[in-house]
Peer 1: 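This structure is in structure tokens; I'll ask about it shortly.
Quantities reported herein were computed from a predicted structural model and do not represent experimental measurements.
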Amino acid sequence: MRSTTLLRERLLRAGMREIVTVEPASGGLAALAGTATRRDAPPVFVKAFAEAPGDDVFVAEAEGLAALRELGRVATPEVILAERELLVLSLLEPRPRSEAFWERFAHELARMHMGTTHTRFGWHHDNWLGRRRQINTWNDDGFAFFAQHRLLRWLGQPRVEAALDAADRAALERLCHRLPDLLPERPACLTHGDLWAQNILARPDGRPALIDPAVSYTWAEVDLAHVWSTSPPPEAQRFFEVYAELTALDEDWPARMPIVQLRQHLAVLAQFDDDWGAADHIRATLAPFRKRT
């Protein structure tokens, strides 16, 4: 298979010559990924791009993992190698199908969000969300930051322009203008930034562990909305109950999720030919903001 051949070539080029086999991994959308077994060492997880969208993609990802681990105190894989062409991580395990796992994850994520509040929104440099740069220019205003760098930022992307008509784009601008009326004011905190269910795994001891971050300081509900909106398994219901209790969320939080998740739907629409229904979700959320004729 072409993907495993490329991964093996990148590993050899990086000096990792004890590779025995490389098997493709499922779940990722932006990069090629696989599991490499080694002759005299534990297996590793490997990621590469056939054509990297930027020189700093994997270095930024490694930095994000370090931030989650060191600032957020959540588990992540060990970074074995991070360079322009290749990312090599220690191997994690599939998450267990249990309410206890999701309850533990609720405690871990709530602790990270509540323990990393920041005075500004952004990050000290841009990083990556899939194959596109995530703009992280600092802003004191969370509504302005979210509007400019998480929503309107995607207008002008060819796939977004093709999928949304002028009325949709105008509706998005009106929604952005009304964000202070639609969402409660919240502080910035460290967020994973790409927290769909596939990015929640487990360490061998069963502790939840996170991969594929697109970190920044922004609203905690960015992470919550992503878990909520990406078909979590039935046992994850316990996560939402515990997280809401720990963070004192108001009862209206589920109604806000489609608005917050717009940023991810727009990112998916901008990057992939198959948008997995993102365009339909965007139009449904923007419907109340379209002008009546």
Side-chain angles (χ1 to χ4, degrees), residues 1 3-4 6-8 10-11 16 19-38 41-49 58 61-62 64-69 72-82 86-113 129-130 191-215 223-243 261 264 268 272 274 276:
M1 185 178 294
S3 62
T4 55
L6 183 142
L7 292 173
R8 178 185 282 275
R10 297 288 171 83
L11 287 163
M16 299 183 70
I19 302 302
V20 177
T21 63
V22 180
E23 298 294 333
S26 61
L29 298 177
L32 304 174
T35 301
T37 57
R38 299 185 288 174
V44 291
F45 181 78
V46 190
K47 286 177 66 174
F49 289 96
F58 291 138
E61 183 171 338
L65 290 169
L68 293 174
R69 183 173 59 253
R73 295 188 294 159
V74 298
T76 66
E78 174 191 354
V79 177
I80 297 168
L81 178 68
L86 189 68
L87 180 68
V88 182
L89 306 172
S90 62
L91 196 62
L92 296 174
E93 298 184 357
R95 63 176 183 271
R97 296 179 178 179
S98 70
E99 288 189 346
F101 173 87
W102 284 96
E103 181 169 345
R104 184 173 184 181
F105 179 53
H107 282 270
E108 299 261 357
L109 190 66
R111 182 182 65 188
M112 181 179 85
H113 287 161
L129 180 60
T191 57
H192 177 283
D194 195 7
L195 197 59
W196 67 311
Q198 294 285 357
N199 286 341
I200 306 168
L201 300 175
R203 293 197 322 187
D205 62 4
R207 183 183 177 189
L210 303 182
I211 61 171
D212 291 350
V215 298
D223 283 344
L224 183 66
H226 209 164
V227 184
W228 176 263
S229 304
T230 51
S231 301
E235 60 268 20
Q237 183 58 40
R238 185 64 181 146
F239 163 80
F240 298 108
E241 295 167 357
V242 174
Y243 182 90
Q261 188 63 1
Q264 189 65 22
V268 168
F272 303 105
D274 183 349
W276 297 276

Peer 1: Rounded to the nearest 0.5 Å, how far does CG of L68 lie from CG of L210?
Peer 2: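 It comes to 6.0 Å.
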Peer 1: Which is it for E23 and T4 under the side chain to side chain contact (heavy atoms under 4.5 Å, CB included) test, yes or no, and what are the steps along the way?
Peer 2: CA-CA 6 Å; E23 298 294 333; T4 55; 5.8 Å; no
Peer 1: Going by heavy atoms in the side chains, are F105 and V242 under 4.5 Å from each other?
Peer 2: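 Sidechains of V242 and F105: no contact.
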Peer 1: Checking R10 side chain against F49 main chain: does a donor-acceptor pair fall under 3.5 Å?
Peer 2: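 The answer is yes, because a donor-acceptor pair under 3.5 Å joins these two groups.
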Peer 1: Would you say P204 and E93 make side-chain contact, with heavy atoms under 4.5 Å?
Peer 2: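 In short, these two side chains touch, coming nearer than 4.5 Å.
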Peer 1: Return the orientation label for the W276 and F272 ring planes: parallel under 30°, perpendicular over 60°, tilted otherwise.
Peer 2: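 Correct class here is perpendicular.
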Peer 1: Could you walk me through whether L65 and L89 pass the side chain to side chain contact (heavy atoms under 4.5 Å, CB included) check?
Peer 2: CA-CA 10 Å; L65 290 169; L89 306 172; 3.9 Å; yes
Peer 1: Mind jotting down which residue pairs meet the side-chain hydrogen bond (donor to acceptor under 3.5 Å, both in side chains) criterion with at least one end in residues 99-109? Sequence neighbours excluded, please.
Peer 2: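 side-chain hydrogen bond (donor to acceptor under 3.5 Å, both in side chains) check on residues 99-109 returns E103-R238, E108-R111, E108-R207.
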Peer 1: Is a side-chain donor or acceptor of T37 paired with a backbone partner of T21 at a separation under 3.5 angstrom?
Peer 2: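 Checking the backbone N and O of T21 against the side chain of T37, a donor-acceptor pair under 3.5 Å is found.
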Peer 1: Between F58 and V79, is any pair of side-chain heavy atoms under 4.5 Å apart?
Peer 2: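 F58 does not reach V79 side chain to side chain.
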Peer 1: Please output the side-chain donor-acceptor pairs of residues 227-236 that fall under 3.5 Å, not counting sequence neighbours, one pair per line with the distance.
Peer 2:
unit_1: S229; atom_1: OG; unit_2: A225; atom_2: O; d: 2.8
unit_1: T230; atom_1: OG1; unit_2: H226; atom_2: O; d: 2.6

Peer 1: In the structure I gave you, are the side-chain heavy atoms of V44 and L81 within less than 4.5 Å of one another anywhere?
Peer 2: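 The answer is no, as the side chains (C-beta and beyond) never meet within the 4.5 Å cut-off.
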Peer 1: Indicate the atoms forming the closest heavy-atom contact of A202 with L92, along with that distance.
Peer 2: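 Minimum heavy-atom contact is O-CB, 3.5 Å.
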Peer 1: Assess whether side chain to side chain contact (heavy atoms under 4.5 Å, CB included) is satisfied between V46 and L86, documenting all intermediate values.
Peer 2: CA-CA 7 Å; V46 190; L86 189 68; 3.3 Å; yes
Peer 1: Taking N199 for the side chain and D194 for the main chain, is one N or O donor matched with an acceptor at less than 3.5 Å?
Peer 2: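 Yes, N199 side chain to D194 backbone: donor-acceptor pair under 3.5 Å.
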Peer 1: Show the numbers, then the answer: is there a side chain to side chain contact (heavy atoms under 4.5 Å, CB included) between R38 and V20?
Peer 2: CA-CA 5 Å; R38 299 185 288 174; V20 177; 5.8 Å; no
Peer 1: Where does the angle between the aromatic ring planes of Y243 and H113 fall among parallel (under 30°), tilted (30 to 60°) and perpendicular (over 60°)?
Peer 2: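 The arrangement is perpendicular - the two ring planes meet at more than 60°.
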Peer 1: Any sub-3.5 Å donor-acceptor pair from H192's side-chain atoms to I211's backbone N or O?
Peer 2: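 Yes: the side chain of H192 pairs with the backbone of I211.
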